[in-house]
Amino acid sequence: MKPMMQRRGVALITALLITALAGSVAAGLSWNNALDVRRTMVMLYRDQAIQVAVGSEGWVRSILRDDTASGSTSDHLGEIWATEIPALPIDAEAVQGEIFGKIEDLQGRFNINNLLDGNGEIDQPSFEQYERLLAALGLDVRLAGITADWLDADQTESIPDGAEDPLYSGLTPAYRTANQRMANVTELAALDGMDRESFEILLPHVTALPERTPINVNTATLAVLQSLGPNIRETDAEGLIALREDGGFVDYAGVFAPLVDKGLQQWISETSSYFQLKAVVQIDTVRITLFTVLHRDPNSPDVIPIRRSLGTI
C-alpha cells in the first residue's frame, strides 16, 4: 500500500511540475507576443509620424509662397511664417496625436560657409565677423581660425590659431578636416576646442547653407547683429531689435550704413531665401522631430526642401 501511495505522490508532483512548466511557457509566449505587437505598433506609429511631419512641409511651403505672392518686400518676425505652429490634433481613423513646431529664418544667423569667398579662400571681413560673434557669445575667439582651417582647401594651419589634418589624425578615433564648405552645421562639433557647452551656445546663432548668403537684419539674433560691426555694443544691438519690432526696419540700409563693417555692407539684407521647419509629431508614446531646410527662390514662386533630418539638425 505504501509504494502505491508513493507512486501516486510522484505522479502528482510530476503533473504539478508539467502544469507549472506549461504555464511558464504560455506566459513567456504571451509576453513575447505582447512585445512583438507593441514593437510593431511603435514602428507603425513612427512611420505614420514621419509621414505627417513630411506632409506638414506642404503647408509651410504654401505659407512661404503666399508671403511672396502678397508682394512683401521684406521678411521680418511680424509675418505669419514667423509665428510658432500651435499644437494641431491628428484625428484620423488609424491614429490619434498632435503636431506642432515653428519656422525659422536661417538668414538671421551667421552662415559658416560665408567664411569662404567665391574662390574658396578665407573671406577676411566674414572671418572678423565670426570672431566678433564668438566674442559676443563669450566663446573662445580662436575657434574662428580653427573653423577656417576646417573649411579651406590647404593643409597650412592658420597663425596663430588653426588646426589641420596632423592634429585630427592623431585623435582616437582619427578623422580629417573637410577642406570644403560644411554640409551641416553639426560639423562644428568635430572642431578642436569645441566642447558641448560651447557648441550649444553657438548653435542658435549659426547655420551652414549651400551658398554665401546675406544676413537678414530683420530676423538676426542679438549676437549676430552685434557681430556686424566692431563698434556695435550689446546695448546698441538691443536698440536695433527694439527699432525693428513693428514690421522690420523702414530703411535698413540707412540704419546700418554707419554701423556695419565696410566689407560686410553688401552682405546685409531685409529678405531671406532659406528657412528651417521644425515639426514635432506625437502619436501615442512615439515622438519624432523633423528638421527641413527650405529654399525659396526669389525669382520664382518655388519653395523647395533641400535637406531633411530626423531628431537632429
Side-chain angles (χ1 to χ4, degrees), residues 38-70 72 74-109 111 184-186 189 196 199-209 216 218-224 241 244-248 271-296 301-313:
R38 183 59 186 167
R39 188 180 300 113
T40 301
M41 292 305 298
V42 167
M43 293 174 63
L44 178 63
Y45 288 151
R46 184 178 184 276
D47 289 343
Q48 291 171 329
I50 292 173
Q51 293 303 313
V52 170
V54 172
S56 69
E57 289 177 4
W59 181 34
V60 171
R61 291 167 66 187
S62 67
I63 291 174
L64 294 174
R65 280 195 299 264
D66 290 345
D67 179 63
T68 301
S70 69
S72 174
S74 67
D75 296 302
H76 53 81
L77 298 177
E79 295 188 298
I80 294 175
W81 63 262
T83 58
E84 290 198 10
I85 302 171
L88 301 174
I90 303 169
D91 189 6
E93 186 175 331
V95 294
Q96 300 286 323
E98 63 178 9
I99 178 173
F100 56 94
K102 61 181 178 179
I103 308 169
E104 290 186 89
D105 178 9
L106 292 180
Q107 288 180 231
R109 305 180 183 188
N111 181 3
N184 192 299
V185 74
T186 53
R196 184 183 183 90
F199 178 73
E200 291 179 349
I201 291 172
L202 182 60
L203 188 58
H205 307 278
V206 293
T207 187
L209 299 174
N216 184 340
N218 285 330
T219 60
T221 66
L222 186 143
V224 171
I241 287 178
R244 76 183 187 190
E245 283 184 353
D246 296 327
T271 61
S272 298
S273 298
Y274 290 93
F275 299 83
Q276 178 177 269
L277 164 66
K278 177 184 178 182
V280 182
V281 180
Q282 178 90 36
I283 297 178
D284 195 56
T285 59
V286 175
R287 183 187 181 100
I288 67 104
T289 302
L290 173 72
F291 293 92
T292 303
V293 176
L294 299 158
H295 178 242
R296 181 176 63 183
D302 291 338
V303 179
I304 303 171
I306 62 172
R307 185 170 66 228
R308 294 189 183 101
S309 58
L310 282 172
T312 178
I313 58 172

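When a residue number appears, it is its place in the shown sequence, counting from 1.
Note that CZ of Arg61 is 12.5 Å distant from CD1 of Ile103, once rounded to the nearest 0.5 Å. Between Ile306 atom CD1 and Leu294 atom CG the span is 8.0 Å, to the nearest 0.5 Å. With values rounded to the nearest 0.5 angstrom, Leu77 atom CG is found 8.0 Å from Asp105 atom CG. A distance of 8.0 Å separates CD1 of Ile80 from CG of Asp67, quoted to the nearest 0.5 Å. Of the inter-residue distances, the one linking Ile283 atom CD1 with Ile90 atom CD1 reads 4.5 Å to the nearest 0.5 angstrom. The CZ atom of Arg296 lies 12.0 Å from the CG atom of Asp302; values are rounded to the nearest 0.5 Å.
For Gln282 (side chain) and Asp284 (main-chain N/O), a donor-acceptor pair under 3.5 Å exists by modelled atom type. The closest donor-acceptor contact from the side chain of Gln107 to the backbone of Ser273 lies under 3.5 Å.
Taking the six-membered ring where tryptophan is involved, the planes of Tyr274 and His295 are tilted, since the angle between them lies from 30° to 60°.
No side-chain heavy atom of Val281 sits less than 4.5 Å from a side-chain heavy atom of Gln48. Taking the side chain as every heavy atom from C-beta outward, Gln276 and Phe291 approach each other to under 4.5 Å. No side-chain heavy atom of Ile63 sits less than 4.5 Å from a side-chain heavy atom of Val303. Within the 4.5 Å cutoff, side-chain heavy atoms of Val280 are placed close to those of Arg287.
The two residues Asn216 and Asn218 make their nearest non-hydrogen contact at OD1-N, 2.9 Å. Nearest approach of Gly108 to Thr219, heavy atoms of both residues: CA-OG1, 3.4 Å. The shortest heavy-atom contact between Pro305 and Glu57 is CG-OE1, 3.6 Å. Scanning both residues, Ala87 and Glu98, for their nearest heavy atoms gives CB-OE1, 3.7 Å. Summarising the geometry of Ser56 relative to Leu277, their closest heavy-atom pair is OG-CD2, 3.7 Å, with the distance given to 0.1 Å. Annotation for Ile201 and Pro204: closest pair O-CD, 3.3 Å, computed over non-hydrogen atoms.
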Query raised in the report: Would Arg308 and Val54 count as a side chain to side chain contact (heavy atoms under 4.5 Å, CB included) if you check the C-alpha gap in whole Å, the side-chain angles of each, and the deciding distance to 0.1 Å?
Result: CA-CA 9 Å; Arg308 294 189 183 101; Val54 172; 4.2 Å; yes
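The side-chain contact (heavy atoms from CB on, under 4.5 Å) check on Asp47 picks up nothing, with sequence neighbours excluded.
Counting non-hydrogen atoms of neighbouring residues, nucleotides and ligands closer than 6.0 angstrom, the CZ atom of Arg46 reaches no more than 12 such neighbours.
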